[in-house]
**Student:** 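Here's a structure for you.
By convention in this document, chain letters (A, B, ...) are assigned in the order of the sequence lines, proteins followed by strands, and residues within each chain are numbered from 1.
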Number of protein chains: 2
Amino acid sequence: MIKISTEELASIFKKHGLKLTTQRLAIYETLLKRKDHPTTENIYKSLINDYPTISLGTVYSTLHLFKDLGLIQELNFSDGNIRYDPNTKVHINLVCSKCGNITDYNNEKVKEVWQLIISDLKIKPKGQRIDLYYECEKCKRD
Amino acid sequence: MIKISTEELASIFKKHGLKLTTQRLAIYETLLKRKDHPTTENIYKSLINDYPTISLGTVYSTLHLFKDLGLIQELNFSDGNIRYDPNTKVHINLVCSKCGNITDYNNEKVKEVWQLIISDLKIKPKGQRIDLYYECEKCKRD
DNA sequence: GTAACTGCAAACGCTTTGCACTCCC
DNA sequence: GGGAGTGCAAAGCGTTTGCAGTTAC
């Protein structure tokens, strides 16, 4: 996980002529704090108590901005949910096919094989997404 | 790729008390014929000439049905497109991040590592999705 | 000061729903 | 013959858009 400090974030924004607003900072911190790959709605609800005037539109546009800057990854799922992951490195998303909950799984072998594939294909990768669907312990009990 | 014959398809449908209609057969054959992981709209447009009365609603419900039967995989992307893949086995989707075009890539090492991960995690996999984003040759030229 | 950003509300577009008609088994 | 499936049109709803007011720099 790439944890970017407020200073680094400010520098990235400045470089692109963008403003680091209270809302943008709050959204980024929420993304880092939550480990569950929240949806736009999740983030909005997380923030509405501390920032009563924040709008859903702002959360949408901010997440798009973060995606375009390469700070986060957007994960669209079959259940219609769009979830956001601040981890843009090669890793596996362990996704419960019932409740949709996601946990990250890091594995060295995966990274090695990924490098092999990239050199085999002779391509310049722009990103990746590796999902493993299963039924989580909580859903198994229900 | 699992290529299911009309007879096998009929048997699967019968087992579930479902009818194998002309439309369902045509949609399944279109999915197999096209190698580009078409969207709902793509499939609809592919069929409208040969089946002038087919409706978009039918294509939607049929694709959902196929997904529920495990015959195909639904791939939701950041650009808002939902694409369908009749290959449900472990493979890599090479996705162009510009035009969205997808080609399948089969690699033995990936399958081996996938097996390792599954035994490591001690889970029963329900499916997977492995995307590699890059810029395709066609988009590079433009 | 000013250009970028926010909040609000209206518009948009893909997907789902409801229902009468049709057709597979 | 009967119930599942289709086609059509309307409804639904997550997301985007437009714009006046606000804020970071």
**Student:** Applying the salt bridge (Lys or Arg N to Asp or Glu O under 4.0 Å) test to E74(A), which of R83(A), R129(A), K67(A) qualifies?
**Tutor:**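 When R83(A), R129(A), K67(A) are each tested with E74(A), the salt bridge (Lys or Arg N to Asp or Glu O under 4.0 Å) holds only for K67(A).
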**Student:** Could you tell me whether a side-chain N or O of E41(A) sits under 3.5 Å from a main-chain N or O of L56(A), the two making a donor and an acceptor?
**Tutor:**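 Such a contact is absent between E41(A) side chain and L56(A) backbone.
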**Student:** What are the two closest non-hydrogen atoms of T58(A) and I27(A), and how far apart are they?
**Tutor:**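 For T58(A) versus I27(A), the nearest heavy atoms are O-CD1, 4.3 Å.
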**Student:** Within the supplied structure, the quantity of interest is the number of heavy atoms (other residues, nucleotides, ligands) at a distance under 6.0 Å from K109(B) NZ; does it exceed 12?
**Tutor:**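 Open.
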**Student:** So how far off straight is the helix from dG1(C)-dC25(D) to dC25(C)-dG1(D), going by the axes through five pairs at either end, to 10°?
**Tutor:**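 Between the first-five-pair axis and the last-five-pair axis there is 50°.
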**Student:** Check the pair T21(A), F13(A) against side-chain contact (heavy atoms from CB on, under 4.5 Å), reporting the backbone distance first and the verdict last.
**Tutor:** CA-CA 10 Å; T21(A) 62; F13(A) 274 56; over 6 Å; no
**Student:** Could you tell me whether the side chain of I102(A) reaches within less than 4.5 Å of the side chain of D85(A), counting heavy atoms only?
**Tutor:**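 They are not in contact (no side-chain heavy atoms under 4.5 Å apart), so the answer is no.
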**Student:** Compare every heavy atom of K126(A) with every heavy atom of E135(B), then report the nearest pair and how far apart it is.
**Tutor:**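 The answer is OE1-NZ, 3.5 Å.
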**Student:** Hey, is NZ on K138(A) packed in by over 12 heavy atoms from elsewhere, all under 6.0 Å?
**Tutor:**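 No, because the 6.0 Å sphere around NZ of K138(A) holds 12 heavy atoms or fewer from other groups.
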**Student:** Can you see which heavy atom on P38(A) is nearest to which on L31(A), and at what distance?
**Tutor:**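 Taking P38(A) first and L31(A) second, the nearest heavy atoms are CG-CD2, 4.2 Å.
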**Student:** Working note: N42(A) + H37(A), criterion side-chain hydrogen bond (donor to acceptor under 3.5 Å, both in side chains); need CA distance, chi angles, decisive distance, verdict.
**Tutor:** CA-CA 9 Å; N42(A) 289 157; H37(A) 306 60; over 6 Å; no
**Student:** If a protein heavy atom is under 4.0 Å from the base, mark B; if only from the sugar-phosphate, S; if neither, -; do that for nucleotides 5-15 of chain C going 5' to 3'.
**Tutor:** SSBS-----SS
**Student:** Shoot me the first and last contacting nucleotide of DNA chain D against chain A, ordered 5' to 3', at under 4.0 angstrom to non-hydrogen atoms.
**Tutor:**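 That gives a stretch of dG14(D) to dC25(D).
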